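Heads up, the thing below is written out as structure tokens.
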Amino acid sequence: MMFEDRYAAPIFVGESPAFRQVLSFIAKLARCDAPVLIEGETGTGKELAARAIHYSGARGSAPFVPINCGAIPDNLVESELFGHVRGAFTDAREARSGVVAQAEGGTLFLDEIEALGAHAQVALLRFLQDLEYRPVGGSVSRRANVRVLAASNTDLAALTRQGGYRQDLLFRLKVLVLDMPPLRVRGDDALLLAEAFVARYCSRYGLPAIPINPHSLAHLRGYDWPGNVRELENMVHRELLLNEGETLSLNIPSVPPLCGTTAAPVTEPVQVTDFRQAKAEAIARFERSYLSHLLATTAGNISLAARLCGQDRSRLNKLVRKYGLARSSFTEDATAQWAKNALEST
Ligand SMILES: Nc1ncnc2c1ncn2[C@@H]1O[C@H](COP(=O)(O)OP(=O)(O)OP(=O)(O)O)[C@@H](O)[C@H]1O
Ligand SMILES: [Mg+2]
């Protein structure tokens, strides 16, 4: 655990090779001042990573200002970012500073950057070119002294290829890219995290320490955590509050089989309260199950799979890596032969 927050509490838990790589890359990123694009599935710790880059870098004692791009209407983005002068529009009785000015000297964290509308993308692109901006209704330009970090939970390059994002903005943002690995490829980190969350919430609620029961520990390893660390944290939090036993049981959903028709349907009820998280989890479940069927059908042959499903090869490869699906586990079988024949005959 290398990073500590302002109150010296350890914030990052994890010892897997994939996570150690993240930590050492974060240490490097903290030493420079260039923009960083942090990509990763929902709940993988993108905001935590952004805070670690900020607080352990040279700007650490200046403000860290997060802004959720998905929550700003496209036409209000300039006023949110750059502020406005008095009388700039009907409701502007007072001048108001934007988040860029609030982050002066520190870091501006643009969360959910993939959600920016077309107009907002242009405004941000202009700002990133030389960090100059003008409050809405103002006539004087200012130059900001901020570091820009951005996070996305979709593959921004893929979104750009599909025409949903400006390529020039993508290039500005992805000078440095930090990929947060999904929890399912972090080995036993799920166990360490579960124990850390139990300790954190027991101390928060003044509860006595309690061990996680062995049955739940075993399940922690097998589950694929579509909501990643946040899903695990919420689960521990909830179960601790409801628990009445001597040990803590975690209600971990049983893992759907990787292949075959019994894979979990997308409509399966999910135990979450947050819509965005529930949606991301459902998409992750669908993609994983779809890909497993597809690769089983083509015996792990990606080119063939790409032709069958109408996606390009590099996107499929990326998904295969994202879900940790080993191609070698899909062996040649009659179905694959059938698929090949079907394609050859078209
Ligand atoms: N390695 C870690 N160690 C301890 N806590 C973690 C770790 N990674 C994430 N968390 C915790 O998990 C929760 C989710 O993390 P965070 O908000 O940074 O994820 P995110 O990738 O920004 O999610 P989203 O895409 O949904 O916005 C937070 O409460 C965070 O403190
Ligand atoms: Mg986040």
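Just so it is clear, the model here is predicted, and its values are computed rather than measured. Along the sequence shown, residues are numbered consecutively beginning with 1.
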TODO: Determine whether the side chains of Asn228 and Arg186 contain a donor N or O and an acceptor N or O closer than 3.5 Å.
DONE: no

Identify each donor-acceptor pair in which a side-chain atom of residues 75-83 lies under 3.5 Å from a protein atom, sequence neighbours left out, and give them as a table.
{"residue": "Glu78", "atom": "OE1", "partner": "His119", "partner atom": "NE2", "Å": "3.0"}
{"residue": "Glu78", "atom": "OE2", "partner": "His119", "partner atom": "NE2", "Å": "3.3"}

- [ ] List the atom of Asn213, the atom of Ser249, and the distance in Å for their closest heavy-atom pair.
- [x] ND2-OG, 2.8 Å

- [ ] Answer with yes or no whether the side chains of Asn317 and Ser314 bring together a donor and an acceptor at under 3.5 Å.
- [x] no

Open item on the list: Counting C-beta onward and ignoring hydrogens, is there a side-chain heavy-atom pair between Asn145 and Arg59 closer than 4.5 Å?
Closed with: yes

Task: Side-chain heavy-atom pair Arg126, Arg134 within 4.5 angstrom cut-off - done: no

TODO: Please step through side chain to side chain contact (heavy atoms under 4.5 Å, CB included) for the pair Leu220 and Ile252, ending with a clear verdict.
DONE: CA-CA 7 Å; Leu220 278 170; Ile252 300 168; 3.9 Å; yes

Open item on the list: Let me confirm one number: the OH-NE2 distance from Tyr205 to His237, rounded to the nearest 0.5 Å.
Closed with: 2.5 Å

Open item on the list: Once rounded to the nearest 0.5 Å, what's the spacing between atom CZ of Arg166 and atom CZ of Arg172?
Closed with: 11.5 Å

Open item on the list: Using 0.5 Å steps for rounding, measure from the CD atom of Glu195 to the CZ atom of Arg200.
Closed with: 14.0 Å

Open item on the list: Rounded at 0.5 Å granularity, tell me how far CG in Leu110 sits from CG in Leu128.
Closed with: 7.5 Å

Task: Side-chain touch Asp111/Ile67, heavy atoms, less than 4.5 angstrom - done: no

Task: Interatomic distance, Lys46 atom NZ to Arg51 atom CZ [nearest 0.5 angstrom] - done: 13.5 Å

Do any side-chain atoms of residues 149-157 form donor-acceptor pairs under 3.5 angstrom with protein atoms, and if so which ones, sequence neighbours left out?
{"residue": "Ser152", "atom": "OG", "partner": "Glu114", "partner atom": "OE1", "Å": "3.4"}
{"residue": "Ser152", "atom": "OG", "partner": "Thr154", "partner atom": "N", "Å": "3.1"}
{"residue": "Ser152", "atom": "OG", "partner": "Thr154", "partner atom": "O", "Å": "2.6"}
{"residue": "Asp155", "atom": "OD1", "partner": "Ala157", "partner atom": "N", "Å": "3.1"}
{"residue": "Asp155", "atom": "OD1", "partner": "Ala158", "partner atom": "N", "Å": "3.3"}
{"residue": "Asp155", "atom": "OD2", "partner": "Lys318", "partner atom": "NZ", "Å": "3.4"}

Task: Distance-only polar pair, side chains of Glu239 and Tyr201, donor-acceptor under 3.5 Å - done: no

TODO: Inspect the surroundings of CD in Gln21 and state if more than 12 heavy atoms from other residues, nucleotides or ligands are less than 6.0 Å away.
DONE: no

Task: Criterion side chain to side chain contact (heavy atoms under 4.5 Å, CB included) on Val36 and Arg147, from CA distance to verdict - done: CA-CA 9 Å; Val36 178; Arg147 181 179 198 181; 3.6 Å; yes

TODO: Could you tell me whether Glu246 atom CD has more than 12 heavy atoms of other residues or ligands within 6.0 Å of it?
DONE: no

- [ ] Flag yes if more than 12 heavy atoms outside Arg161 fall under 6.0 Å of its CZ atom; otherwise flag no.
- [x] yes

Task: Interatomic distance, Thr44 atom OG1 to Glu39 atom CD [nearest 0.5 angstrom] - done: 10.5 Å

Open item on the list: Under 4.0 Å between a side-chain nitrogen and a carboxylate oxygen: does that hold for Asp224 and Arg288?
Closed with: yes

TODO: Flag the pair Glu132 / Phe127 as yes when at least one side-chain heavy-atom distance between them is below 4.5 Å, and no otherwise.
DONE: no

Open item on the list: Could you work out, with side chain to side chain contact (heavy atoms under 4.5 Å, CB included) as the rule, every residue matching Thr160, not counting sequence neighbours?
Closed with: Tyr165, Gln167, Leu170

TODO: Would you mind reporting whether Pro253 and Met235 have side-chain heavy atoms less than 4.5 Å apart?
DONE: yes

